[in-house]
Protein chains: 2
Amino acid sequence: MPEPNRRGIPEATVGRLPGYLRALGELGEKGLTSVSSEELAAAAGVRSAQLRKDLSYLGSYGVRGVGYDVVQLSAQIARELGLTQEWPVVIVGLGNLGRALAAYRGFATRGFRIVALADTDPAVLGQEIEGLVVRTLQDIAATGPRVSIGVITTPAAAAQEVADALVEMGVRSILNFAPCLLSVPEGVHVRKVDLATELQILAYHEQQRALGVTGGEAVVAQ
Amino acid sequence: MPEPNRRGIPEATVGRLPGYLRALGELGEKGLTSVSSEELAAAAGVRSAQLRKDLSYLGSYGVRGVGYDVVQLSAQIARELGLTQEWPVVIVGLGNLGRALAAYRGFATRGFRIVALADTDPAVLGQEIEGLVVRTLQDIAATGPRVSIGVITTPAAAAQEVADALVEMGVRSILNFAPCLLSVPEGVHVRKVDLATELQILAYHEQQRALGVTGGEAVVAQ
DNA sequence: TTGTGTGAATCGATTCACAGCC
DNA sequence: GGCTGTGAATCGATTCACACAA
């Protein structure tokens, strides 16, 4: 018996689970109730062997000779990712990007709720944005609400002290949009999203083509 | 003999070069003119052996017993990434995120220039944003300017047809912020940035902690 | 003596290929 | 007969450890 193999899903697999969940959602909307690994892999942009291996880490949820039940597999992946509960999020830094994220609807779609907005600029403090009043992180730490995930959309120069403050108030998951490295204590997870990095990687490949490198291989890192 | 090893820098290395470039910039601003692999690795958040191996793919630019020249190494990495020329960028989809990116200054910092803004919404077409008039992609394709890189910030439902139009007009590098898989011809590079995916990965680790998994290992994937 | 550059060793992730089950 | 689940094989990326250059 498969023994769901709790603890120890490879990081690379965790990184693909959200894509499977999205693909399953789309297939479900089309009315599909069952998919083969071949079909789901195509919808998620991976190879079928990879999909099956990934899913095998969650346990056995497919039926041999048939495929996977769309609803059941969605639920299983959502459970594994921790999306059955709602995670409270604070956005720190309400410049253009912070405001765009605050207004982003898809946020709430799945397990996440923006419960606080933070900034230090007196011109922004007290403003109401998307139904939330902008406060200082110190105020939020002192009087609630509790947050699990911090999203940093400040300039790079402020990001480290924001991270320190978030850690101080107990946040152990940070999504950093500022173009800088954050140093955090052991056990705190940071993920970085950096526009400049992404563009520079594209520029590299663009230049390779210009240099006449044959790299005509398939497609890409989506 | 080192033989710069043109062609065939591992993808993982390419993905770290932008980080080295940023770290070198910071060190340079502090007045440093020379760094050891140990110092630069610390500033970029990698191990020194990894840094040396990565740099070895670009050729030999360090001096044994001394380290690397900050200016020279920056220039070499920038050249390798193709940042010595300016890449023209179009942003497609001027919702909150598209506008935030259009206003983002750091964009121009290094080798990228937003030369066009595209949308299909009549309410947005013709508006001037950040000094550029919003036009249709078709208009841009027909009357210029030429673009190398397309940034998609439309809703997911529109992303595929935008990608098709970009490919049609000769764009072969796409940065996709829409939460969906794009299908593109061989040779076109797509990179995906997805807020939901990042949050879901954080949620996974957050839940693992809640379940009492020991995963107290260091830090993370920045 | 110091710190780079790099083969060799290790580690992890992907793919293959097929046994097992429906 | 068809498709999952998974060991075995492969591939690539990271780390080790040290020869070698300054």
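Being a predicted model, the structure only gives us computed values, none of them experimental. The chains referred to below are lettered A, B, ... by the order of the sequence lines, with proteins before strands, and numbering in each begins at 1.
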Between dT6(C), dT14(C), dG2(D), which one does the side chain of S56(B) approach most closely? dT6(C)
Find out whether L202(A) and H189(B) are in side-chain contact, i.e. whether some heavy atom of one side chain is under 4.5 Å from a heavy atom of the other. yes
Counting side-chain heavy atoms from C-beta on, which of dA13(C), dG3(C), dC22(C) comes nearest to P10(A)? dA13(C)
Quickly work out the E38(A) CD to dC16(C) P distance and round it to whole Å. 12 Å
Quick one: is R47(B) getting a side-chain N or O under 4.0 Å of the dT15(D) phosphate, OP1 or OP2? yes
Report yes if a side-chain nitrogen or oxygen of S36(B) is closer than 4.0 Å to either non-bridging phosphate oxygen (OP1 or OP2) of dG3(C); otherwise report no. no
Is the count of non-hydrogen atoms from other residues, nucleotides or ligands lying under 6.0 Å from R47(A) atom CZ greater than 12? no
Search all heavy atoms of R209(B) against all heavy atoms of G187(A) and return the closest pair with its distance. NH1-O, 2.5 Å
Roughly how far, to the nearest 0.5 Å, is the CD1 atom of I174(B) from the CD atom of E198(A)? 14.0 Å
On DNA chain D, nearest-nucleotide positions of D54(B) versus G62(A): which is more 5'? G62(A)
When the distance from CD of Q50(B) to C1' of dC11(C) is rounded to whole Å, what number comes out? 13 Å
Would you kindly compare A49(A) and V66(A) by the position of their nearest DNA chain C nucleotide and give the one closer to the 5′ end? A49(A)
Let me know the distance between CD1 of I9(B) and P of dT6(C), rounded to the nearest Å. 14 Å
Atom NZ of K53(A) and atom P of dG12(C) are separated, to the nearest Å, by 15 Å
Salt-bridge test for K30(B) and E26(B): reply yes if a basic N is under 4.0 Å from a carboxylate O, no otherwise. no
Protein-nucleotide distance (Y68(B), atom OH; dG3(C), atom P), rounded to Å: 12 Å
Just N and O in the side chain of R16(B): are any of them under 4.0 Å from OP1 or OP2 of dT14(D)? yes
OP1 or OP2 of dC3(D) under 4.0 Å from side-chain N/O of S37(A): no
Rounded to whole Å, how long is the line connecting atom CG of L73(B) with atom C1' of dG3(C)? 15 Å
Note: for G65(A) and E11(A) on DNA chain C, the residue whose nearest nucleotide lies more 5' is E11(A)
Using whole Å, report how far CZ of R52(B) lies from C1' of dG3(C). 7 Å
Measure from CG on L58(A) to C1' on dT6(D) and round the result to the nearest Å. 15 Å
